[in-house]
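Let me begin by presenting the structure, written as structure tokens, before commenting on it.
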Amino acid sequence: MKMMDKKKIIEDGILEQYILGELHPSDERYIEQLLASDPELKQHFDTLEADFETLGLENAVVPPPMVKNELLSRATALKSEGVKQPTASKASRFKFYFAVAASFSALFLATSIWLYSQLNKLESDVKMVETEKQDLKKELNQLSESYDTTAKLYATLSHPDTKQYVLEGNTLMPQGKVISFVNHDLKSVVINTERLPELDEAHNYQMWADVEGEMIDMGVIDTSQSLVAMNYIDASESLNITIEPRGGSEHPTVERLVTNVYL
Amino acid sequence: MQDDSTLISRLQQRDEQALSALYDKYSGAIYGVILKMTKDETRAKDLLQETFITVWEKSYQYDPKKGRFYTWVYRIAKNKVLNFLRKPVKLIQTDDFSVYKQKEAPISFEAEHLELKGALTTLKEHHKTAIEMVYFKGLTHREAHEEMGVPLGTFKSYVRQALKELRASYGKMMLLIMFLIIYGI
């Protein structure tokens, strides 16, 4: 509806059409706004409405009582069904829907935070499991290495052709001795280090094979193990042990020979 | 006119007694309108009941700032009747493929329901007809002016004039009533 002045609205019967419900809803809203802001027009409108009502009441026809009885029993039934929330004003319904929406948002937010924390926890769990797995793998490798070593040692020790030689300590090592097990078929040498006296941090025992007058390195003896495999050297005539600076030497320090045995 | 605001707010609180009281007050006027529009008592009774069921169910939609309670109920009733009248006639197909209008209970209607009463009867014929068309037959201003065969502007002035005369008549009535109240005893 175009902007209309008061006079035009009154002369065009717009208010009558409004009361009779003939106007388009958008025009109705326009008229409602006008009426709310113009007391004079509102007064004119009130008079018209009152007249229409009087007109209706003057032409009233009393309906049969049955209609009222049915109406009231239906009304009671509808009320007890609680189909509608009639007293809820628009504002309070809005509040209600807003509250519902807000609750869902809050719930959603809480759930998200919880899920996020769970995700973080899972990630750290996965990392922990990964680390544990690595540790276990390392341990397994060590175990299987140790098993291989032990199996080799055992193979040497249990072999029927293995020969046992005892290296008694000389005057430099009167209390000490080393048991050696030599197998020429397996080409292996295993020694028992239990009776080797402990050395200071700066020194190791080192084993040598004598091949035609030449001392060949068989390795530094790891005294932390009781049974140690040494390098097998072909055509060895004797086994010799010297005390060497930590880490071993290329040539034996003959002055510090502690024990030897001829094969 | 007694103030309805207490009854209406009780109605909006789903108070059946308020519904009952408002029904007593307005059902006659609304029934009069429905009867004149439908010219069918059986339908009119149903439509009156449906109107007040809607009043009961949608009472929260009524806003006193926008107008009188009676106007609100009148518009609900008018919409229900117009929707009913606009429904297509039910047709029944018979065995020989011809189509008949569905047989319904014979329409009962007393002609006196169509008679206009009160101050309206004192108006000039064309003023009375104009009011009757828009108020009791549910025609729009546009439909009514065509029905009467006069230009829309003329028709609008008929309505306005008719209401002016009614107003004057009601004003006299009010003066008379007040006179009786003040000096009656």
Side-chain angles (χ1 to χ4, degrees), chain A residues 10-23 28-29 31-32 35-36 42 44-90 92-93, chain B residues 1 11-14 16 19-20 23-24 26-33 35-36 41 44-46 48-49 52-53 56-60 65-68 70-71 74-75 78-79 112-113 115-120 131 134-136 138 140-142 153 155-157 159-160 163 166-167 170 173:
Chain A
I10 291 171
E11 283 182 359
D12 250 15
I14 303 291
L15 297 178
E16 289 88 334
Q17 291 178 58
Y18 174 84
I19 294 168
L20 293 167
E22 289 181 32
L23 296 184
E28 283 192 353
R29 277 194 293 281
I31 294 297
E32 281 161 11
L35 288 172
K42 179 74 163 76
H44 183 71
F45 172 82
D46 289 344
T47 309
L48 278 178
E49 249 202 314
D51 290 345
F52 270 119
E53 185 170 328
T54 310
L55 192 60
L57 292 169
E58 275 189 337
N59 285 277
V61 178
V62 178
M66 183 189 76
V67 180
K68 187 182 175 185
N69 295 339
E70 276 181 28
L71 169 74
L72 290 177
S73 57
R74 277 180 71 191
T76 308
L78 283 167
K79 185 183 171 183
S80 60
E81 275 174 29
V83 180
K84 298 274 156 65
Q85 290 294 320
T87 53
S89 67
K90 273 182 188 169
S92 73
R93 274 190 299 159
Chain B
M1 200 62 45
L11 174 79
Q12 291 178 326
Q13 304 288 326
R14 305 283 267 174
E16 284 102 332
L19 176 68
S20 173
Y23 178 88
D24 288 344
Y26 294 112
S27 62
I30 298 298
Y31 189 52
V33 172
L35 274 174
K36 288 176 182 64
E41 274 186 51
K45 280 188 284 183
D46 288 348
L48 177 66
Q49 195 181 110
F52 275 88
I53 284 291
W56 178 243
E57 291 283 274
K58 307 275 184 189
S59 61
Y60 62 91
K65 276 182 282 196
K66 289 184 185 172
R68 299 170 83 93
Y70 171 79
T71 308
Y74 168 85
R75 285 167 64 163
K78 187 177 169 182
N79 274 329
E112 68 174 78
H113 294 326
E115 278 175 22
L116 296 173
K117 296 172 221 161
L120 197 57
I131 291 292
V134 294
Y135 193 78
F136 293 113
T140 64
H141 277 50
R142 289 189 180 281
F155 181 79
K156 283 176 177 173
S157 77
V159 174
R160 214 169 58 247
L163 287 167
L166 284 173
R167 174 104 285 264
Y170 296 146
M173 214 157 63

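Chain identifiers are assigned alphabetically (A, B, ...) following the order of the sequence lines, protein sequences preceding nucleic acid strands; residue numbering begins at 1 within each chain.
Of the listed residues (A:L35, A:D12, A:V62), the one with the most heavy-atom contacts under 4.5 Å to chain B is A:D12. In terms of heavy-atom pairs under 4.5 Å with chain A, the best-connected choice from B:I53, B:L48, B:L166, B:L35 is B:I53. In terms of heavy-atom pairs under 4.5 angstrom with chain A, the leader among B:A44, B:S20, B:A119, B:S157 is B:S20. For the options B:D46, B:I30, B:L19, B:V33, heavy-atom pairs under 4.5 Å to chain A are most numerous at B:L19. By number of non-hydrogen pairs under 4.5 angstrom with chain B, the leading residue of A:P63, A:P64, A:A50, A:A75 is A:P63. Comparing B:I131, B:L116, B:V159 by how many heavy-atom pairs each has under 4.5 Å with chain A, the most go to B:L116.
Counting heavy atoms from C-beta outward, B:F155 and B:R142 have side chains that stay 4.5 Å or more apart. The shortest side-chain heavy-atom distance between B:F52 and A:R74 does not fall under the 4.5 Å cut-off. Side-chain atoms of A:F52 and B:T71, non-hydrogen and from C-beta on, never get closer than 4.5 Å to each other.
Without hydrogens or angle criteria, A:T76 side chain to A:L72 main chain gives a donor-acceptor distance under 3.5 Å. Put simply, the side chain of A:E53 never gets that close to the backbone of B:Y70: no donor and acceptor are under 3.5 Å apart. Of the possible donor and acceptor atoms, none in the side chain of B:K36 sits under 3.5 Å from a partner among the backbone N and O of B:G138. Proximity of a side-chain donor or acceptor of A:E16 to a complementary backbone N or O of B:R160 within less than 3.5 Å is not detected.
A ring-centre distance under 6.0 Å is found for B:Y74 and B:Y135.
Using a 4.5 Å cut-off between heavy atoms, A:E22 contacts chain B through its side chain alone, with no backbone atom that close. Only the side chain of A:L48 comes within less than 4.5 Å of a heavy atom in chain B; its backbone stays farther off. If you measure heavy-atom distances from A:V67 to chain B, the contacts under 4.5 Å come from both the backbone and the side chain. Proximity to chain A is limited to the side chain of B:D24, based on heavy atoms less than 4.5 angstrom apart. With a 4.5 angstrom heavy-atom cutoff, A:A36 does not touch chain B via any of its atoms. Proximity to chain B involves both the backbone and the side chain of A:L71, based on heavy atoms less than 4.5 angstrom apart. Contacts of B:K78 with chain A are made by side-chain atoms alone, with heavy-atom separations under 4.5 Å and no backbone atom involved.
Between the side chains of A:Y18 and A:E32, a donor-acceptor pair is found at a separation under 3.5 Å.
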